[in-house]
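Encoded as structure tokens, the structure appears first; notes follow it.
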Amino acid sequence: MRRLGKKQHTNWFLTIVLILGCLTVLFPLYMTVIIAFKNPSEMTNDVAGALSLPSSWSFDNFAEAMRVTNFWSALANSLVITGVTIVLSILIHSIAGYVIGRNMRRKKGYRFLYFYIVSGMFVPFAILMMPLVKETAVIGLANPVGVILLYLVFYMPINVMLYSGYLKNIPLAMEEAAEIDGASSWKTYWKVIFPMMKPMHATVAVLTALGTWNDVMTPLVIMSGSENTTLPLAQLNFQTQFGTNYNLAFASYLLALIPILIFYVICQKQIIGGVANGAVKG
Amino acid sequence: MKPKRSLLNKNRTHLMMIIPIVILFFVFNTLPLIIGAFYSLTNYRGYGSFDFVGGRNYLDLLTDTRVWNSYLFTFKYAIVGTILVNVISLLLALALNSRIKFKSTLRGIYFIPNILGGLIVGYIFSFIFTYIIPAVGQTFNIPWIQDSILADENLAWIGVLIVGVWQAVAMNTIIYISGLQTIPADVYEASKIDGAGTWCTFRKITLPMLMPFISINLVLSTKNMLMVFDQIMSLTKGGPAQSTESISYLIYRNGMDGGQFGFQSANAVVFFILIVTISVIQMRMTNKKEEQL
């Protein structure tokens, strides 16, 4: 286009349509914020009242919501479960992806292993749920540790696929050179291969983080007997205690959404990149 | 002899690295699958003793109206949802990839629904459906939105659908955008020089070149929508009158608390086989389309 000497002009019509379309995304968030700040007495049935800003920006609902839902404990659980899952996923799934990816071209056994693990992607949680509850209860894992182990298994198929796919970009010569220098293959992996898979670590971290942070079903069925909750699970468990006090409930929802929204604002590029990368490579 | 020994060592190290991981995978994926399949042949209630009943659970599934209804709801939801999600996100991706202002901000905003948890999003929409929309209906005297759609047996599934689509569009749009970016600009230039119109360019160039991404998105969104659970939990709890009971929700509800461990295990086995079959068929079909081009 440049060759023709014409300047690329902005499509203002589409820009405006897209800006208006953002309302579909932002309206529910706007409602959450204003309801979370309002008093129950401010909740009226007419449209203007429902959409208006709160008369004062008081944080009382939030303080109460934190107390009712045991917010800090739920937040700590969510952070620990997601954090540990991410770290272990990167460590363990990258090893699996590496070993399988490097050997599957030459060895039937590894090729079988690859399909065995990757086909786990199609196993719905619904079929594993009931036996897993029994299993984790028997071996004393009906707690956050059990949830982390399960996540490591659930995300293994996609992550192994991503890592072993990415491995094609890393020439075999790299590790052969290290091995000739006398390094063991264990050492070679950590010194040479692991650092080179860095872009994939970011993708795996993002995909695993989004999945585990928002997951309800696994903690719901595995930790239901214990005192522990996660942020989303706390919303479900305390639903009855919110009763018809929607302001309290929405303050709690907003509190539960804020950590991931902050994370998104800070690493928006990495998150969008990671999700796109993961889906396209996978 | 040294290289041979080091090769042996390497093989052994690799085995030592992979064996614990495979055991972990087996214990928490394959083993429960086998246990589930085993219980599906029993009348186990989740506690106490049980007997083998052979294939009776599977036969009973066929005549259980509640199970049939959950399959009808889930498939209706997944089919309509997948079509809507893919049409909307393709259009959105085309728009977000064109010459617009504030491109990255707009992309950032449209992606937000994907990072929010389905359960909480469900609670927020539940309030909007129950209070805000009827309030709008009353104020402006629009009769068909004066009652909450979640309370209507025939319409509640549309409420669940709106929330499901709202969330799923975000993810699929990003995938379509990265697909659009793989199409080189000179292909478009060439078609312009040949005098192709917008629609013709879209059909003859954009769509075929996007085929791999359409395939990913179809498989992804069908699978996710078939497994719908969180939104049901927060929007309707399967109601009203079990009209929005998804397969996952029914298995959870009746298998965990309802004393139907064995029966719902059979349901889960059927559900698993269906998901695998559908995914394989979808991938085969879209792969063929890709080859033809």
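Residue numbers start from 1 in every chain, and the chains themselves are labelled A, B, ... in the order their sequence lines are given, proteins ahead of strands.
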Inset, instruction - Would you mind checking which part of A:Ile139 comes under 4.5 Å of any heavy atom in chain B, side chain (CB onward), backbone (N, CA, C, O), both or neither? - result: side chain

Inset, instruction - Side chain from CB out, backbone as N, CA, C, O: work out which of these in B:Phe229 comes under 4.5 Å of a heavy atom of chain A, or both, or neither. - result: side chain

Legend entry - Contacting region of A:Gln268 [heavy-atom separation from chain B under 4.5 Å]: side chain

Legend entry - Contacting region of B:Ile34 [heavy-atom separation from chain A under 4.5 Å]: neither

Legend entry - Per-residue contact mode, A:Met130 against chain B (heavy atom under 4.5 angstrom): both

Legend entry - Contact origin within B:Ile247 toward chain A - heavy atom pairs under 4.5 Å: neither

Inset, instruction - Tell me, for B:Phe125 versus chain A, whether the close heavy atoms (under 4.5 Å) come from the side chain, the backbone, both or neither. - result: side chain

Legend entry - Part of A:Val265 lying under 4.5 Å from any heavy atom of chain B: neither

Legend entry - Salt bridge present between A:Arg102 and A:Glu175 (N-O < 4.0 angstrom): yes

Legend entry - Region of A:Leu113 that comes under 4.5 Å of a non-hydrogen atom in chain B: side chain

Inset, instruction - Sort A:Lys269 into side chain, backbone, both or neither according to what part of it lies under 4.5 angstrom from a heavy atom of chain B. - result: neither

Inset, instruction - Please look at B:Ser265 and chain A and tell me whether the side chain, the backbone, both or neither of the residue comes under 4.5 angstrom of a heavy atom of that chain. - result: both

Legend entry - A:Asn103, part contacting chain B, at a heavy-atom distance under 4.5 Å: side chain

Inset, instruction - Side chain from CB out, backbone as N, CA, C, O: work out which of these in A:Leu128 comes under 4.5 Å of a heavy atom of chain B, or both, or neither. - result: both

Inset, instruction - With a 4.5 angstrom heavy-atom cut-off, could you sort out which part of B:Ile128 is near chain A: side chain, backbone, both or neither? - result: side chain

Legend entry - Heavy-atom proximity to chain A below 4.5 Å, by part of B:Phe28: both

Inset, instruction - Check whether more than 12 heavy atoms from other residues, nucleotides or ligands sit under 6.0 Å from atom NZ of B:Lys101, and answer yes or no. - result: no

Legend entry - Atom group of B:Ile124 that falls short of 4.5 Å from chain A, counting heavy atoms: both

